[in-house]
Every structure is written in structure tokens, then in C-alpha cells.
Amino acid sequence: MPDLLSGLLVTIQATGIGYALALTLGLVIAMVRRVPLFGSIVHFFMEFIRTTPLVIQLVFVFALAPANVSAFTIGVVVLGIHYAAYTAEVYRSGIEGVAKGQWEAARALSLPGTRTWGAIVLPQAIRKVIPALGNYLIAMFKDTPLLFAIGVVELLAVAQQVGSRDFRYVETFTIVGLLFLVVSVPSAILIRRLEKRYVAV
Amino acid sequence: MEFLLEQWPRFVDGAWLTIQLTLGGIVLAFVLAMFFGILGTVQHWLARAVATVYVEVFRGIAALVVMYWFIYALPVATGFQLDDMFAAILALGLNLGAYGAEVVRSSINAVPKAQIEATVSLNMSWPQRMRLVVLPQAWAQMLPTFGNLVVELMKATAVVYLVGLHDLSWVADDLRRLSGETIPVFIVAFALYYLIAQVLIFCVRLLERRANQKLGRTPPSGGGIMGLLRPPAVGTKVGVAK
């Protein structure tokens, strides 16, 4: 059980760092996509990342990365980039949801780009998409076992070790399942609350 | 390059396994989604509770963990050994079925109340109401989201790599190890995944178009490969009331 908890900690760490990366990178991508030609190239890459499986992306980057980079780092970065492709779409829908008049007003006041984005567009855009972003947090948490593929010792890997050592697969894998529920069900409830608060305005 | 040409059949085998897993998963997920989705809209509290438990449990646990449970824990617990392939399809189907059930439930709930009242006033039975009025409308609504889930499922099949099934990801990694030519091998693998995803999206688009035509609506247009499917001409109405 203590072993499993330390595995859970790795899982949570990977999710946390990866999510922070996905949130910031996704926002950058969503903004860059509004640039004409460059935007379409980025869009194609995002589309590609979104239609190919995370496992194979992990294995691919792991095979190419220099040996001195840890599997954990690679895992977190790939996880972050993969989910950035999703969060970028979420941000985009939020940004497109901002009324045109708001942009025009910003221009009429001749606000600089940074103020337009920072003070007018993003606060309105992000508010609406908080629940959708939250859903990706849970999705990401559920995808961290895939880091197992490149040798990160997270929850599932620990369970596998414990299971084969003591031959207690039933208990260990059942506990792992329950641990997942313990984290994701409360998060789901929290997100539903957020949804009531922000979306149904 | 020669290496890739030589090893082509292995890619095909891997892709074929991926396709089989995807199709198996889609069928199972669809059945589960429909069953639990409809169950979630039934009046009785117990029916809704069962649906909620299913959805929350399988949305909350990673498909891979479920798969491991079926492959490693189930034989120990019950002495009954599932075929790996079957266990994989079961885990994937259960997982995506939970997401699908939510989609089905919300699409059914989105059918306008007046429609339900109309069926009541026409004295329709529950199966009649579902079959003739509610589901055709909910169906058109749920298809676009189903499209995303289908692609998600296809991508999720790659986790079978970890339980040693020789799918596309496994083949790619194996060829990488044999040849050391990482980039070309993975480009082929990524391209195959991309291709499979596009075919799946295309199929869902066809279904969407048909469902909308039946309801006399114009489907939302899509870019890319989907742009090939032109929306039906304005004013074509087939059957069912709006």
C-alpha cells in the first residue's frame, strides 16, 4: 500500500506538471492560430497530434531523445503537448465566443494588442471554458498510466511490480482502480459545480 | 527505405489488429452507451442510479487499468482466463461506452418537451415514443460527438501495446528496435493512424448527413476531407416532421 501511494504521487505529479504545460501551451497555440499562414501549419500539426495515439508519441519521442533526459521529463512534456492540442481547441472556441463588438470596441479605443487580449478577450473567453478545461485534467490523469510504456514508475507500474512480487493481482489492481475513482469522481463533481457557476450564466 | 518496403506486411498486420480492436470496441461501446444512456433517462430512480454508477466508475478509471484487471486479476480471482484480445476490447468498450452513455443521455434530454407531450397526447407507448420520435432526433444530435469518441477509441487501442498485443504501435516499436531507423518507421505508423482516423470521421459524417436528411435539416458543413460531402440542397425535406 505505501508503494502504491508513492506511485499515485508520481501519477499526480505527472498530471499536475503536464496539465500546467498543456494549459499555457494550448493558450499560446490558440492565439497563434489567428495568424494567417503560420496558423494553418500549426493547425495541421495539432490535428496530427490529436488523431494519433499518445502511446506511440511517447515511444517515438523516447526513442529519439538523448539518453540523459529522464523518462519522467519526456513523459510529462509529451503529455503536455498532446493535451495542448486539445486545450487549444477549447480556448479557440472560447475566443470565438467573444462578441465581435468587443474586438471592435478595443480597436476603437486603440488599445494595444496586449491589453486587448489580456484585459478584454481572454478574461471573457477563459471564464466560459473553465469546465471544458477541467474535463481534460481528468482525461489527462487517466492517461498517465501510459507513461508506463517508457518506464516511468507510476501507479500502474508499481501495481504491476507489487502484483508479480506477491502474486496478489486482484487486490493491487482493484486498489489501483479505487484510487483512480477516489481522485476522479470528486474532480468530476467539482467540475459540474464550476459548470453551473460559469456556463449557465 | 528498402527496409520499410520489406517490412510493409508487418505494418499491415499491425494496422489490421488496430482496426479490429477499434471496430470491436465501437460495437461494444455503442451497445453499452445506448443501453445505459437510455437507462439514464428512465423515470425510476434505480435505473438512473445503475446508469450513473456505470458512467462514473468507467469514466473514472483508466482503460488500461481495467484491461490489466481483466488480464491479471480476473484469472486469479475467478480462475477464468480471458483472451487478451477480448479483454482489451472489453476494457476499451466499457471505457468509451461510459462517455457515450452521457452523450446519449444528454441528447435524449435535449429533445424538446413539447415532442414528449405530443406523444403522450397521441397515446403512444414508451417504445413507440422512443423509436418514432425521440431517438431519430437524439440520433442526429449525438452523432457529431460520437465521431469524436470513435476517434478517441481508435487512439485508445494503442494501449494494448502495453499488454503485448501486436498492434500498430507495437509493430512500430519493434521495427524501430530491429532497424534503428526511428523516424521513417514512426512516420509510416503515424500516417496509418491518421488515415484510419480520417476514414472513421468520414463514415460518421456519412451517417450524420443521412440522419439530418431524414429530419429535413442541413448538416453542419465540415472542411478537409469532409468537404467532399456536399450538404443536401436547400429545401429537400424527407419524411419526419421538423
Side-chain angles (χ1 to χ4, degrees), chain A residues 11 43-44 47-65 82 86 89 135 138-150 154-157 159-160 163-164 167-189, chain B residues 18 55-78 95 99 148 151-152 154-162 167-174 176-177 180-183 185-187 189-198 200-201 223-224:
Chain A
T11 298
H43 176 62
F44 177 76
E47 181 83 345
F48 207 84
I49 288 177
R50 287 180 348 137
T51 47
T52 54
L54 181 60
V55 183
I56 188 168
Q57 290 169 3
L58 279 168
V59 175
F60 175 63
V61 177
F62 189 62
L64 284 183
H82 187 84
Y86 287 93
E89 284 296 294
N135 283 332
I138 303 183
M140 205 160 165
F141 174 66
K142 281 178 54 191
D143 267 352
T144 49
L146 301 184
L147 300 191
F148 187 11
I150 55 170
E154 44 61 67
L155 186 53
L156 189 64
Q160 173 79 325
S164 58
F167 209 68
R168 296 191 155 225
Y169 286 115
V170 185
E171 292 91 330
T172 43
F173 285 124
T174 308
I175 290 173
V176 169
L178 290 176
L179 284 177
F180 265 90
L181 284 182
V182 165
V183 178
S184 58
V185 170
S187 325
I189 294 170
Chain B
T18 294
V55 168
E56 291 301 332
V57 166
F58 287 100
R59 266 202 324 182
I61 307 178
L64 186 59
V65 174
V66 178
M67 206 178 291
Y68 267 75
W69 201 91
F70 279 131
I71 291 174
Y72 291 100
L74 190 71
V76 181
T78 62
N95 188 265
Y99 286 93
N148 288 339
V151 175
E152 281 304 308
M154 188 278 290
K155 286 168 49 187
T157 60
V159 301
V160 302
Y161 160 79
L162 287 169
D167 76 319
L168 191 48
S169 294
W170 191 92
V171 169
D173 198 31
D174 194 47
R176 170 190 72 83
R177 258 183 263 128
E181 292 190 61
T182 308
I183 294 177
V185 166
F186 276 76
I187 285 179
F190 281 132
L192 284 170
Y193 273 116
Y194 186 75
L195 192 71
I196 297 173
Q198 292 302 325
L200 289 172
I201 294 170

| message | With rounding to the nearest 0.5 angstrom, report the CD to CG distance, Glu56(B) to Leu181(A). | response | 9.0 Å
| query | Non-hydrogen atoms of chain A under 4.5 Å away: do they reach the side chain of Leu200(B), the backbone, both or neither? | reply | neither
Side-chain donor-acceptor pairs under 3.5 Å in residues 55-64 of chain A, sequence neighbours left out?
from: Gln57(A); atom 1: OE1; to: His82(A); atom 2: ND1; distance (Å): 2.8
from: Gln57(A); atom 1: NE2; to: Ile49(A); atom 2: O; distance (Å): 3.0
from: Gln57(A); atom 1: NE2; to: Thr52(A); atom 2: O; distance (Å): 3.3
from: Gln57(A); atom 1: NE2; to: Thr52(A); atom 2: OG1; distance (Å): 2.8

| task | Describe, in one word, how the ring planes of Tyr68(B) and Phe148(A) are oriented to each other, choosing from parallel (under 30°), tilted (30 to 60°) and perpendicular (over 60°). | result | tilted
| Contact class of Arg59(B) relative to chain A, heavy atoms under 4.5 angstrom | both
| message | How long is the straight-line distance from CG of Leu64(B) back to OG1 of Thr144(A), given to the nearest 0.5 Å? | response | 10.0 Å
| query | To the nearest 0.5 Å, how far apart are CZ in Phe173(A) and CD1 in Ile61(B)? | reply | 12.5 Å
| request: Looking only at non-hydrogen atoms, find the nearest pair between Val65(B) and Pro145(A) and report the distance. | output: CG2-CG, 4.4 Å
| field | Per-residue contact mode, Ala158(B) against chain A (heavy atom under 4.5 angstrom) | value | both
| field | Sequence-distant partners of Val170(A), side-chain contact (heavy atoms from CB on, under 4.5 Å), two or more places apart | value | Thr174(A), Ala73(B), Val76(B), Ala77(B)
| message | At a 4.5 Å cut-off on heavy atoms, which part of Ala156(B) comes close to chain A: side chain, backbone, both, or neither? | response | neither
| What part of Tyr161(B) is in contact with chain A, defined as an atom under 4.5 angstrom from a non-hydrogen atom: side chain, backbone, both or neither? | side chain
| request: Heavy-atom distances under 4.5 Å only: say whether Val57(B) touches chain A with side chain, backbone, both or neither. | output: both
| message | Tell me the closest heavy-atom pair linking Lys142(A) and Phe58(B), and the distance in Å. | response | NZ-O, 3.9 Å
| said: Can you tell me which portion of Ala188(A) sits under 4.5 Å from chain B's heavy atoms? Options are side chain, backbone, both or neither. | reply: side chain
| task | For each of Phe190(B), Tyr194(B), Trp69(B), tally heavy-atom pairs with chain A at distances under 4.5 Å, and name the one with the top tally. | result | Phe190(B)
| query | Can you tell which of Leu178(A), Val185(A), Leu146(A) has the highest number of heavy-atom pairs within less than 4.5 Å of chain B? | reply | Leu146(A)
